Amino acid sequence: MERKDNLDLLRCLSILMVIVIHVSATHFLGNATQMNTNFAIANFYDSISRTAVPLFILLSGYFTLCKSKNLAMYFKKLTLGLIIPTIVWMVLYEMFEFLDQGGWDGFVQFVMQGGLWGSFDNLFFNNLGRHLWFMPMFIGLQLLAPLLVFIRKKIGEVGFFILGLFFLAVGLLEAVFAFRGTDMIVANLFSCLLYLGYFILGYSLPKTILSRLKKFIWFAIFALSTVAIYFFTDWALENRMEIGFKPLYFYDYLSIFVVIAAIALFMMFTRIQIKNHGLQKISRAITPHIFFIYFVHLIVLRYVTEIFADMIPIEDHLSWAIPVMSIIIFILSYIISFLIQCPKIDFHQKKTTEETRL
């Protein structure tokens, strides 16, 4: 499929949103009981970034479900590009945490608590794994992709769109049950079933009559939904003793306003044409590093936060500290990815050149 600069840019925006969520989280939770100004600031940044994960899934559906797969090549690429890196980073994060907390004794504790298999079991077959929970879910979607393409060809485009709406409704319903205390999915891998709606609609929505809506309409829908996330989260936390559900429901990636906001922003970007060469170069440079940025950014976040905390009282400057720290973490994560992957890219380029000469 031809390159889509508009969707490359949306990928870059989405990974920045992920970082903003993680930078905001500490300040959001730390101030939630006081409901003070810093809570409002953290809630603002968190609310406008809540579409990050759904956007990744919508974008993946857009590109992955468009054509049939050579199964051998597809699963080889999936294994080398997603499954193995996920397992490697899973182990690195587990070891990093134990070593950071207890040095060599921490490493021994890591081994005693199951080591590699324990980490794998927690991440794939339970709902643990910090931010890496996304990867087993995402891998599950990729594993289902060939079957979904087959189903699309059998039931047609309209039927496939309806199937996407059905699975989205299932995800919305499960989120309601989960935040009322009945969580039906206990494994990150199987949570892919809840996100199938996003995955299918990422392919189907741009092919519907909804794609004719103007960009400003989609932006207005996104803005209003984001405002709703902000105010309903504030209301739920303020009335947490009276309401009959967990107050962070409106932050969930399958809550109603997050669903609407994510679809609106996705559809808006499908209507955008990127003609600025600077933006094209930036998005094309960053896009190949998106997953590495995702993997590494929490480690970078820890050290950037510590440096900022030593320099300034972050809580006194939260309105600008959150975006500035997020951008710095984004840039540093990209630089680390570039430096690590650059030799590999050069090697492949040299190999390709030599093969061409032969």
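This structure is a prediction, so every number in the text was calculated from the model and none was measured.
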Side chain of [X], backbone of [Y]: donor and acceptor closer than 3.5 Å?
| X | Y | result |
| --- | --- | --- |
| Tyr253 | Ala52 | no |
| Asn43 | Phe39 | no |
| Tyr45 | Ser319 | yes |
| Ser211 | Lys207 | no |
| Ser60 | Ile57 | no |
| Arg152 | Cys66 | yes |
| Asp8 | Thr287 | no |

> Is the ring centre of Phe56 less than 6.0 Å from the ring centre of Phe138?
Replying inline: no

> Do Phe134 and Tyr294 have ring centroids that are under 6.0 Å from one another?
Replying inline: yes

Testing the basics here: between [X] and [Y], what is the closest heavy-atom pair and its distance to 0.1 Å?
| X | Y | answer |
| --- | --- | --- |
| Pro323 | Leu318 | CD-O, 4.3 Å |
| Phe28 | Leu237 | CZ-CD1, 3.5 Å |
| Ala309 | Ile314 | N-CD1, 3.7 Å |
| Phe167 | Gly197 | CB-N, 3.5 Å |

>> For Arg271, give me all partners under salt bridge (Lys or Arg N to Asp or Glu O under 4.0 Å), at least two apart in sequence or on another chain.
In response: none

> Asp46: what forms a side-chain hydrogen bond (donor to acceptor under 3.5 Å, both in side chains) with it, not counting sequence neighbours?
Replying inline: Arg50

>> Going by the rule side-chain hydrogen bond (donor to acceptor under 3.5 Å, both in side chains), which residues pair with Gln280 if we only count those two or more places apart in sequence or in a different chain?
In response: His277

> Got a sec, which pairs hit side-chain hydrogen bond (donor to acceptor under 3.5 Å, both in side chains) with one end in residues 221-244, sequence neighbours left out?
Replying inline: none

>> Check for me whether Lys215 meets the cation-pi criterion with Phe219, that is, NZ or CZ under 6.0 Å from the six-membered ring centre and within 45 degrees of the ring axis.
In response: no

>> Could you work out, with ring pair (Phe, Tyr, Trp, His ring centres under 6.0 Å) as the rule, every residue matching Phe266, not counting sequence neighbours?
In response: none

>> Using side-chain heavy atoms (C-beta onward) and a distance below 4.5 Å, is Leu248 in contact with Asp252?
In response: no

> Taking the six-membered ring for Trp, are Phe308 and Trp320 parallel (under 30°), tilted (30 to 60°) or perpendicular (over 60°)?
Replying inline: tilted

Review item, side-chain donor-acceptor pairs of residues 326-333, under 3.5 Å, at least two apart:
residue : atom : partner : partner atom : Å
Ser326  : OG   : Ile322  : O            : 2.7
Ser333  : OG   : Ile329  : O            : 2.7

>> Determine whether Asp5 and Arg284 satisfy the following criterion, salt bridge (Lys or Arg N to Asp or Glu O under 4.0 Å), listing intermediate values before the conclusion.
In response: CA-CA 7 Å; Asp5 288 311; Arg284 291 180 184 185; 2.7 Å; yes

